[in-house]
Amino acid sequence: MKKRFLKPTEDPLWLRLFLGAVAIAFIAILLLLPLALVFKEAFANGIGAFWTAIKEPDTLASVRLSLIAAGIAVPLNMVFGIAAAWCITKYDFPGKTFLVTLIDLPFSVSPVVAGLIYVLVFGAQGWFGRSLADNNIHILFAVPGIVLATIFVTFPFVARELIPLMADQGRDEEEAAATLGATGFQTFLRVTLPNIKWGLLYGVLLCNARALGEFGAVSVVSGHIRGVTNTMPLHVQLLYDNYDYPGAFTVAALLAMLALLTLALKSLLEWRYADELAAAHRH
Amino acid sequence: MSLTVDSVAKKFGRFPALNGASFVAPQGGFVSLLGPSGSGKTTLLRILGGLEFADSGSVRFADLNWLDMPARTRNAGFVFQQYALFKHMTVADNIAFGLKVRPRNRRPSSADIHKRVTELLDLVQLSGLEARYPSQLSGGQRQRVALARALAIEPRMLLLDEPFGALDAKVRKELRTDLRRIHDHAGVTTVFVTHDQEEAFAVADLVAVMKDGRIEQYGAPADVRRNPKTAFVSEFLSA
Ligand SMILES: Nc1ncnc2c1ncn2[C@@H]1O[C@H](COP(=O)(O)OP(=O)(O)O)[C@@H](O)[C@H]1O
Ligand SMILES: [Mg+2]
């Protein structure tokens, strides 16, 4: 019988099976099971009840508010993220490392602290509290505060995705474009953007998922006014605290669906443009 | 109408990469910057291309204060050692790039651009490959595309930074013969960086031997070879 040797990088069969089982068990227990339960609870009384719960005015208001917050935060952070990544990777300037650290700040700071920062700045006792109140401008416990908090916590996603990508690509193509007579804007549009579009898309999808799902920071600045300043995650908690379990699970299922939709979109694009992705990575 | 490089100096931090480099080349000349690695060849070339800025010194070319112009308006074709092709564009789009980004009043019609791309592909002997992407080409083919792309803008100066450095000996020889033929055909003032003396002497009209950010000796290949002015030059040439 021919003796079969293990490749240097190959582990014994029992170990591979064991590790595989552990991974699958983990995913099943921690990810799939809870997700399935959310949907089971949401549809426990049938699809009709699900719809009635969604059509609840306060629930619709929370959906609308979440979409507004994400709709403002995501495009802004896309522009900020591209600008920051562009500066950091295509130019040398003093304080660059500091800027990179600053971009990571929202990741390292607890969202609750982020929310409290806004209370300190815009609250009644805060720096601008007085002048804002005098001019009848409402930021805290109103939509602007929620949008600001969402922008803060989702700021790093696009920049974080783009910085390593753009650093890896270097400045060669941009320099070539300049010597060929392209303006800075033409270079960005025709050279840089096509090279980063996949990373940008991932960053935007992640940013969007987090913007819709953000709880901590938004919770601090929201004030939890039903139907006015409650986003979807906040509304889930409010319903849950009021023992409205079907309602809570309905909104939770809706949030989960949005997340799954994001994932599906990402996979679809990956599948549709697999060749282009591979070509971009190969080079 | 000649190229006059006068005492160009450049420091990176406190490190002097260029220590006052000067040379004069006639219009349409073919100059080779030759020297060991780290002698400042790339830095000087990038300053000529507008990709790096000199701390002091001046460059006059075609009666222009060359260093005051941004890279974009110099109309100097640059060929990089690592090709720097636009990897998401086909060969044809790479070559057409410099024409497509021109302001509308100076931009050729798409028919003219297509015609020009076809001519250039013919010139660099890549006809038939216009629809390929850079990743589908060999190193030698990529550098031919880079050369065609630089020539497409009808440059008044052609700058090449060890363009054949990453290629094998046979392809190098082929390409440098082609480069010389193309230069003679277009009559464009050319500065060619290399650390390979055989290559420099074979292709250029004038050779500038560089060391530590300075030009040690400058002259026709035969003169430099016959009368090395410093110990460094004679040692470098006999290596
Ligand atoms: N961007 C840079 N930052 C710091 N030092 C540099 C930079 N570019 C070049 N140098 C230094 O300047 C010197 C000359 O470099 P270069 O012009 O690339 O030489 P060559 O092309 O002849 O090999 C080298 O010692 C190199 O390390
Ligand atoms: Mg070099």
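All of these numbers come straight from a predicted model, not from anything done at the bench. Sequence lines set the chain letters: A, B, ... in the order given, protein chains first and strands last, and positions in each chain run from 1.
Residue A/F26 qualifies as open at atom CZ: its count of foreign heavy atoms under 6.0 Å is 12 or below. By the 6.0 Å contact criterion, CZ on A/F107 is enclosed, its count of non-hydrogen atoms from other residues, nucleotides or ligands being greater than 12. Atom CZ of A/R64 has 12 or fewer neighbouring heavy atoms from other residues, nucleotides or ligands inside a 6.0 Å radius. Heavy atoms of other residues, nucleotides or ligands lying less than 6.0 angstrom from CZ of A/F93 number more than 12.
Both the backbone and the side chain of A/E175 come within less than 4.5 Å of a heavy atom of chain B. B/A150 touches chain A through its backbone: at least one of N, CA, C or O sits under 4.5 Å from a heavy atom, while the side chain does not. Residue A/R171: no heavy atom, backbone or side chain, is found under 4.5 Å from chain B. Looking at A/T183, the atoms closer than 4.5 Å to chain B (heavy atoms on both sides) sit in the backbone and in the side chain alike.
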What donor-acceptor contacts under 3.5 angstrom involve side-chain atoms of residues 21-32 of chain B, with partners at least two apart or in another chain?
{"from": "B/S22", "atom 1": "OG", "to": "B/S7", "atom 2": "N", "distance (Å)": "2.8"}
{"from": "B/S32", "atom 1": "OG", "to": "B/F192", "atom 2": "O", "distance (Å)": "3.2"}

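For residues 41-70 of chain B, a heavy-atom distance under 4.5 Å to chain A picks out B/R46, B/G49, B/L51, given by residue number. Within residues 100-124 of chain B, the residues having any heavy atom less than 4.5 Å from a heavy atom of chain A are, in residue-number order, B/K100, B/V101.
Taking 4.5 Å as the limit, every side-chain heavy atom of A/K197 sits out of range of all side-chain heavy atoms of B/H88. No side-chain heavy atom of A/D172 sits less than 4.5 Å from a side-chain heavy atom of B/F86.
A/K96 meets the salt bridge (Lys or Arg N to Asp or Glu O under 4.0 Å) test with A/D92; sequence neighbours excluded.
Between B/I153 and A/T179, the closest heavy-atom pair is CD1-O, 3.7 Å. Shown here for A/E173 and B/A84, the closest heavy-atom pair between the two residues is CG-O, 4.2 Å. The two residues A/A176 and B/R149 have their closest heavy-atom pair at CB-NH2, 3.4 Å.
Most heavy-atom pairs under 4.5 Å with chain A, from the set B/F78, B/Y133, B/F97: that is B/F97.
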